[in-house]
Amino acid sequence: MKVPLLDLKEQYKRIKDEIIKAVMEVFDSQQFILGPKVEELEEGIAAYCRSRYAVGVSSGTDALLISLMMEDVSHGDVVITTPYTFFSTAGAIVRVGARPLFVDIDENSYNMDPVKLDATILSLDEKQKSEIKAIIPVHLYGQCADMEQILDIAEKNNLIVIEDAAQAIGAEYQFRDGAVKRAGSMGTYGCFSFFPSKNMGAFGDGGVVTTDDPEIYELLKKMRVHGSGSEYYHNIVGGNFRLDAIQAAVLLVKLKYLDDWTKKRRENAALYRRLFQEKGVKGVSLPKELERRHIYNQFVIRISNRRDELKDYLIKGGIGCAIYYPVPLHMQACFIYLGYGPDDFPVSLEAAENTLALPVYPELSHEQIEYVVDMIDKFMK
Ligand SMILES: *Cc1c(COP(=O)(O)O)cnc(C)c1O
């Protein structure tokens with residue numbers, strides 16, 4: 001049996017007619033950049049993410065970049081994030097000229113550990129503290145970071161929060177007072193990606209920034225077109241961060257199905273849990289649902305010591321699986337200058353060595369999931 005890590009063709013088959021019709025409309029209009037499709041998508045995404053506004057941009061990376069540019073983060077500034085994320089979270093910080101300050105993750109959620117965040121800030125002197133401009137928590141694998149604590153620490157230290165919600169569209173977080181918010185609606189900015197492997201993927205690159213602030217919303221729209229308010233007049237320098245109409249047309253079709261797909265991903269995760277338990281598979285830790293509505297962009301297991309062996313075994317058996325991420329960012333060659341040692345972030349390092357993502361995409365069959373669990377069971381025995 002074959003079980004790919006992700007099979008976008010299965011998804012496409014089911015919505016092909018609708019997608020082609022939507023894309024043809026864009027072809028017929030010959031309006032490719034921004035325009036009514038992008039605006040319609042922005043309204044749909046804002047409503048879906050329960051934010052007031054959304055601004056379509058060219059990628060998730062550019063969503064992070066434009067948010068940092070909006071806040072004038074640049075040389076001499078410091079931005080806090082985790083070393084256990086996709087490269088671009090830290091890459092965006094460096095691209096505006098600032099310096100990433102890493103905080104280790106929590107071993108159960110793989111997200112920024114608020115206790116370590118607080119301790120890291122407390123360990124700095126006043127000058128170092130004054131250089132910090134923002135915190136970028138990442139909602140890794142589709143589960144929200146501990147936002148209540150992170151927002152409290154940010155407020156106490158007068159820092160803005162930019163959520164990296166690239167893997168978490170529609171994920172929910174519950175505050176102690178019972179309020180429930182969606183990923184991207186809690187910080188000043190929410191950054192999303194429509195890279196094809198995300199839960200809602202475009203037919204190319206794309207992204208969106210969400211915000212509740214009307215002034216930020218207006219400025220974001222300028223910033224993505226070179227900072228121009230009226231054409232050819234610039235009072236700020238932005239970039240070309242536009243989303244194109246073809247991607248918006250595709251995404252508008254997909255947005256209607258997103259909740260259904262999320263439900264199926266959650267059901268697949270639940271089926272994994274049930275089967276791992278029923279078969280009594282030993283030595284495998286399953287992902288923990290610590291916050292409300294995990295959307296399972298990835299279903300990541302952890303096994304000590306034999307991860308690479310298991311990965312090879314599964315791939316030989318026709319099962320797609322992958323390591324997100326094999327090298328924590330503090331160990332990347334381009335970040336050696338930051339001066340970190342391997343043991344500075346032990347939880348991230350351990351996760352990089354022992355985690356493995358299994359297929360969890362919506363169109364998987366019961367038999368495919370059962371096959372994955374059986375193969376892991378066989379390997380562990
Ligand atoms: C995918 C991803 C990004 C970048 O998104 P792109 O659209 O590929 O630029 C940023 N952060 C995280 C956590 C991601 O998973």
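Note that the coordinates shown come from a computational prediction; the quantities given were computed from them, not determined experimentally. For ligands, and for the atoms within them, numbers begin at 1 and follow the listed sequence.
- Side-chain N/O atoms of Y189 and E71 include a donor and acceptor closer than 3.5 Å.
- Ring centers of Y296 and Y141: at least 6.0 Å apart, outside the cut-off.
- Proximity annotation for atom 13 (C) of ligand 1: of V57, T61, D205, D164, D164 comes nearest, heavy atoms only.
- Remark: R266 engages E289 in a salt bridge, criterion side-chain N to carboxylate O under 4.0 Å.
- A cation-pi contact, defined as under 6.0 Å to the ring centre and within 45° of the axis, is absent between R182 and Y173.
- Residue-ligand proximity: H139 is placed with every non-hydrogen atom at 4.0 Å or more from ligand 1.
- Among the atoms of G60, some N or O lies under 3.5 angstrom from an N or O of ligand 1.
- Look at S88 and you'll find a heavy atom under 4.0 Å from some atom of ligand 1.
- No donor-acceptor contact under 3.5 angstrom links the side chains of E43 and Y48, judged on distance only.
- Listed by number with element, the atoms of ligand 1 under 4.0 angstrom from any heavy atom of T89 are 11 (N).
- Here is the list of ligand 1 atoms found below 4.0 Å of a heavy atom in T85: 13 (C).
- Taking every non-hydrogen atom of V138 and a distance limit under 4.0 Å, the qualifying atoms of ligand 1 come out as 13 (C).
- In terms of polar-atom proximity, S193 is counted as a contact of ligand 1, with an N or O under 3.5 Å from an N or O of the ligand.
- Side-chain polar atoms of E163 and H139 form a donor-acceptor pair below 3.5 angstrom.
- When each atom of ligand 1 is checked for a heavy atom of S59 under 4.0 Å away, the hits are 7 (O), 9 (O).
- In this structure, F335 has its ring center under 6.0 Å from that of F87.
- Cation-pi geometry between R242 and F32 is not met: the NZ or CZ atom fails to fall both under 6.0 Å from the ring centre and inside 45° of the normal.
- Which parts of ligand 1 touch A166 is read off a 4.0 Å heavy-atom cut-off, strictly below it: atoms 2 (C), 3 (C), 10 (C), 11 (N), 12 (C), 14 (C), 15 (O).
- Here the heavy atom of the protein found nearest to atom 14 (C) of ligand 1 is K198 NZ, 3.1 Å.
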